[in-house]
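Below: the structure, in structure tokens.
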Amino acid sequence: MYSMIDERYSPEKVESRWQEYWENNNIFRASEDQSKNKYYLLEMFPYPSGKIHMGHVRNYTIGDVVARYKRMNGYNVLHPMGWDAFGMPAENAAIDNKTHPAAWTYENIRTMQGQLKRMGFSYDWEREVTTCTPEYYRWEQWLFLKMLEKDMVYRKESYVNWCEHCQTVLANEQVESDMCWRCGEMVQQKKLWQWFFRITNYADDLLVHCDKLPGWPEKVTVMQKNWIGKSTGSELSFQIEGKDEYIKVFTTRPDTLFGATFMCLAPEHPLVESLSKGTEQEIMVAAFVDKISKQERSSSAIESYEKEGVFVGAWCINPANGRRMPIYTANFALMEYGTGAVMSVPAHDQRDFDFAKKYNLDIIVVIQPKSATADANQSNSINSDSIPAIAILDPATMTEACPEPGILVNSGKYNGMDNVQAMDEITNWLESEGLGKKTVSFRLRDWGISRQRYWGTPIPVIHCESCGVVPVPESDLPITLPEDAHLLDNGGSPLPTLEFFKQATCPKCGRTDARRDTDTMDTFVESSWYFIRYCSPHCTTGMFDMEAVKYWMPVDQYIGGVEHAILHLLYSRYFMRVLNTLGLIDFKEPFTNLLTQGMVSKETLKCPEHGYIFPEEAQFADGKAACRKCGKNVEIGRVIKMSKSKKNVIDPNDLLNKYGADITRLFCLFAAPPEKGLEWNDDGVEGCYRFINRVWRLVATCIEMTKNSVEVNGETTGKSRSQDKIFKPYTGPLSEISDSEAKKLYTKAHQTIKKVTEDIEGSFHFNTAISAVMELVNTMYSIDLTPNSSDEMKTVTLFSIKNVILLLSPIVPHFAEEVWELMGLSVRCQSADSADVKNSDSIQKLGTITEQPWPTYREDALVTDEILVVIQINGKLRSKFSIGADSSDELIQTTALADEIVKKHIEGKPIKKIIVVRKKLVNIVI
RNA sequence: GCCUGGGUGGCGGAACUGGUAGACGCAAGGGACUUAAAAUCCCUCGGAGCAUAGCUCUGUACGAGUUCAAUUCUCGUCCCAGGUACCA
């Protein structure tokens, strides 16, 4: 029967067959089983943008390999998948294609689910969650009401990007160099009443726990810490000249108070208008505030604007020295941070220095850096490891601010004090005067969740003229998104135009002219708790079933793009804290271990006529590209992460059609370690196909060489005639093998098991794991394996090939199942001869490869007899030699010194030093 | 701008805790097999030089430094990517 094995591996024949087998036998269905250790493995669910692209394929392949690996290690694995189905692209598509966001979304889900199934991922599809269904978002509305009850949500006025021409709100992405992407009109800022989650209440807790997430990459926790941005400092009050009013500032440098020479207020600061009123600056200030109010408010935009400001026509008094300080309004002072006011110390802050130079404001030095004072005293000293020798700071000659620590000057009674000490002393003094206190400030802002969009979760409140904001009664949930709505051509939400939706009866007073909130929630809200919904996706009595959550949560391993390092991950952490505070769960951190994969990227292509185009819509020739539709030259843009909106995506279908799922999976993993970014290029895929075929032929060879009997787990399988020898994989000690070639192979096989296990367990470095298996396969190819090989070689070969298949099985599961069966190792091929299998127990034991235990290695089989030692002379490699593995350092040193090449290099020169690195290297210094 | 990463042959990448730079694979070139092609197998493959079975120099973005020894540690510079709160 085995001579019937095909010459080449044919994925199209094999893959669908095994996918059906897994599905029909519910192999990946997860249920709470208290007797087993659970393992919740989660990949970030996708936004259903159309088709999956290589970024998804890579992410989900990594996850699937881990899921299958953990299953083989005996865990009860939960591996769910779903859809982050609300979002802006559905609205844009609806406008462009004259369809409905729901129709577009569900169609995409269908397509993408088909693609994922074709990849052979081991999801429990019974648990599929789709966030745009009322069954899902009703619980989000429910939670919103709970949060409202507990004052965890509030309303305030806040700005949005506004296009006057389209009469609509724009996302930051829809603003292209200050203009509306649809019509090109200059974008303005508009103030709207919006809902905010009080995430800042948890700022400290979120920050502190960043250091209690050992399973997270440090770069992610560092980014989150910086994002939260806790700074300790002081809040100081400056009296406005001639008034009994004070300006409060937050500063991290109270030690520089005596050097504060002017004050900057955010343009939206209420004092800006009131102070300038009636002064000759009034018009200038109003014009400036108006100009700033129209500018984009994203922090990258704000930082890119030139720092500028306008005098508001009033002064305040420096509480330290009574100095008159002009008050400015400046574009770099942010209302959202601190108190919206900044005391400016130009001598010691670069931004203030630049501002002072620009507007010709006073600069007073109040700290002399220690290095400068020391250098000044010993004029010729060269201080090699510090700042270039500075003379004593002089405002007249300074070219930049000096933020260095040092000794206070020009600071009255604090002169001569160390500046760090002065921070406390000056704050304490002002506190005693009632003008200051120590405080902390966070960069983190409350989470604005109101969106003036259609395709999102409706916010469950009603606005009543008599009662104000009234929560929708729980019994009225869900507030479903009306489906008979058409997107407006300008991109605006149709909800405010739908009278039947908007009209509501006030639950409190019964007024019938109340109106429903027509805003929807930020889609980050859905993705902040979907992972907990997976535990009990069909629960109708609450967000989740407590028992199921107790069993499965937290997520043991979360895998997704590093792009989500801050927002999504921080919001999810915040949401668990909310649920915890509400008493719904007993933990705070959702994800124990996190793997952030690097972005799969590709250059963008932009046609002057058709805008962004897909790679297949361009014709490439000598480094240039032309649009296939209009023939015009296409602008080849930067290499950026794949995204549907920029159309720089590669659909895996071509690869799947040509090579199948396994080769595609193998290639994605072999290309680079997961955390590294990947500029897409499929040049190496052919090599992966070759490798799989090498294994395929090796399997055929092994079957041929051992004929038709193999024993697994003590059970003989396959047909054996009495005259046949029965070969089974050798698993005994290395020392009992006499054939030196078999010995080497046995060692290599055990080393490979160790290497692959460690690469997966330690860092998910599948690329090196695959390399290791390739090496083992190469070793096997270097041996002449025939039916005439020694019995010893046959059993060692069987051990090796069995482990090649097991080690590869999480990566190329269809292929592995197939060859496992061909080798007579799976229960499936037993069905015809079930009499061979003595009892149902052994069926259980055999199973298919998916149910096999992960292989283990023998320590005794890892060691080799000889080691290679390299000889360096003055750090340069000159020679090397092999020596017994148990040789002493002394023996290694004398062997090295006796080396002919070494002798030639030394030529009687005196040896200054010899360094011997254990069993590795000798460095002779002459 | 700011925060976080990254930069190694023609290409993707490897190198444990500072100890042989280039594992594994792709591409390329040469050869074997074949009527031919595909497939497969074997050999070469960072650069330069020389007295070419080999040897020497040089090389991990760039410039310094620490060390017997640096892709790895320190400082500085350049470039690229991710995020920057309404893309998800």
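Chain letters run A, B, ... following the sequence lines, proteins first and then strands; every chain starts at 1. What you are looking at is a predicted structure, and each value in this text was computed from that prediction instead of being measured.
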Original post:
With a non-hydrogen cut-off below 4.0 angstrom, is A:S645 in contact with a base, only sugar-phosphate, or nothing?
Top reply: nothing
**OP:** Could you tell me whether the phosphate oxygens of B:rA69, OP1 or OP2, come under 4.0 Å of any side-chain nitrogen or oxygen in A:N874?
**Re:** no
Original post:
Touch check for A:F524, heavy atoms < 4.0 angstrom, all strands: base, sugar-phosphate only, or nothing?
Top reply: base
**OP:** Taking only the side-chain heavy atoms of A:L567 (C-beta and beyond), determine which of B:rC68, B:rA27, B:rA88 contains the nearest atom.
**Re:** B:rA88
**OP:** Check every strand shown and say whether A:N693 touches a base, only sugar-phosphate, or nothing at a heavy-atom separation below 4.0 Å.
**Re:** nothing
Original post:
Looking at B:rG5, B:rC41, B:rA14, which one has an atom nearest to any side-chain atom of A:K219?
Top reply: B:rG5
Subject >> B:rG13 OP1/OP2 closer than 4.0 Å to side-chain N/O of A:K676 >> reply: yes
Original post:
Phosphate oxygens OP1/OP2 of B:rA88: is one of them under 4.0 Å from a side-chain N or O of A:T523?
Top reply: yes
Original post:
Can you name the closest pair of heavy atoms from A:E91 and A:Y454 and give their distance?
Top reply: OE2-N, 2.8 Å
Original post:
Hey, does A:W680 have a side-chain heavy atom less than 4.5 Å from the side chain of A:S601?
Top reply: no
**OP:** Tell me whether the OP1 or OP2 atom of B:rU84 has a side-chain N or O from A:R297 closer than 4.0 Å.
**Re:** no
Subject >> Any donor-acceptor pair under 3.5 Å from A:K646 side chain to A:T604 backbone >> reply: no
**OP:** Tell me what A:E675 touches on the nucleic acid: a base, only sugar-phosphate, or nothing, going by heavy atoms under 4.0 Å.
**Re:** nothing
Original post:
Which is true for A:I640 with a 4.0 Å heavy-atom rule: it touches a base, it touches only sugar-phosphate, or it touches nothing?
Top reply: sugar-phosphate
**OP:** Give A:Q872 one of three labels, base, sugar-phosphate or nothing, depending on what nucleic acid heavy atoms sit under 4.0 Å from its own.
**Re:** base
Original post:
So, is A:R690 near the phosphate of B:rA27, with a side-chain N or O under 4.0 Å from OP1 or OP2?
Top reply: yes
Subject >> side-chain N/O A:N767 vs B:rA23 OP1/OP2, d < 4.0 Å >> reply: no
**OP:** Can you figure out which of B:rG82, B:rA69, B:rC86 approaches the side chain of A:N923 most closely?
**Re:** B:rA69
Subject >> Touch class at under 4.0 angstrom, heavy-atom based, for A:V222 against every strand present >> reply: sugar-phosphate
Subject >> Integer angstrom distance from the C1' of B:rU34 to that of B:rC41 >> reply: 13 Å
Subject >> Check: A:F355 ring centroid to A:F332 ring centroid under 6.0 Å >> reply: yes
Original post:
Just one of A:V169, A:T168, A:T518, A:L495 clears the side chain to side chain contact (heavy atoms under 4.5 Å, CB included) bar with A:Q452, so which one?
Top reply: A:V169
Original post:
Given the side-chain rings of A:W83 and A:Y530, with only the six-membered ring counted for Trp, is the space between their centroids under 6.0 Å?
Top reply: no
Original post:
Using a cut-off of 4.0 Å on non-hydrogen atoms, how would the nucleic acid contact of A:H905 be classed: base, sugar-phosphate, or nothing?
Top reply: sugar-phosphate
Original post:
So what does A:W447 hit on the nucleic acid, given a heavy-atom distance under 4.0 Å: a base, only sugar-phosphate, or nothing?
Top reply: nothing
Original post:
For B:rU84, does either OP1 or OP2 sit under 4.0 Å from a side-chain N or O belonging to A:R443?
Top reply: no
**OP:** Work out which heavy atom in A:A565 is nearest to a heavy atom in A:Q224; give both atom names and the distance.
**Re:** O-NE2, 2.9 Å
Original post:
If only side-chain N and O atoms of A:R453 are considered, is one of them under 4.0 Å from the OP1 or OP2 phosphate oxygen of B:rC86?
Top reply: no
Subject >> Any A:K876 side-chain N or O less than 4.0 Å from OP1/OP2 of B:rU58 >> reply: yes
Original post:
How would you label the contact of A:R918 with the nucleic acid (heavy atoms, under 4.0 Å): base, sugar-phosphate, or nothing?
Top reply: nothing
Original post:
Does A:K641 have a side-chain nitrogen or oxygen under 4.0 Å from the phosphate oxygens OP1 or OP2 of B:rG83?
Top reply: yes
Original post:
Under 4.0 angstrom, heavy atoms only, what part of the nucleic acid is A:P46 near: base, sugar-phosphate, or nothing?
Top reply: nothing
**OP:** Name the nucleic acid region contacted by A:V685, choosing base, sugar-phosphate or nothing; use a 4.0 angstrom heavy-atom cut-off, strictly under.
**Re:** nothing
Subject >> Side-chain N,O (A:H568) to OP1/OP2 (B:rC87) below 4.0 Å >> reply: no
**OP:** Mind checking A:L444 for me? I need base, sugar-phosphate or nothing, with any heavy atom below 4.0 Å counting as a touch.
**Re:** base
Original post:
Looking at B:rC87, does its base get a donor-acceptor pair with the side chain of A:Q174 below 3.5 Å?
Top reply: no
Original post:
Is A:S304 touching bases, backbone alone, or none of the nucleic acid, heavy atoms closer than 4.0 Å?
Top reply: nothing
Subject >> Nearest listed nucleotide, side chain of A:M223, among B:rC41, B:rC87, B:rG82 >> reply: B:rG82
**OP:** Side chain of A:F670 only, please: which of B:rU4, B:rG12, B:rC86 is the nearest?
**Re:** B:rG12
Original post:
Which glycosidic conformation, syn or anti, is assigned to B:rG82 if syn requires a torsion within 90° of zero?
Top reply: anti
**OP:** Please determine, for the side chain of A:K920, which listed nucleotide (B:rG19, B:rG1, B:rA85) has the closest atom?
**Re:** B:rG19
Subject >> Any A:N226 side-chain nitrogen or oxygen under 4.0 Å from OP1 or OP2 of B:rU4 >> reply: yes
Subject >> Most 5' of A:G684 and A:V925 on RNA chain B, judged by nearest nucleotide >> reply: A:G684
Original post:
A:R451 has a side chain; which of B:rG12, B:rA88, B:rC86 sits nearest to it?
Top reply: B:rC86
**OP:** State whether A:K307 places a side-chain N or O below 4.0 Å from either non-bridging phosphate oxygen (OP1 or OP2) of B:rG1.
**Re:** no
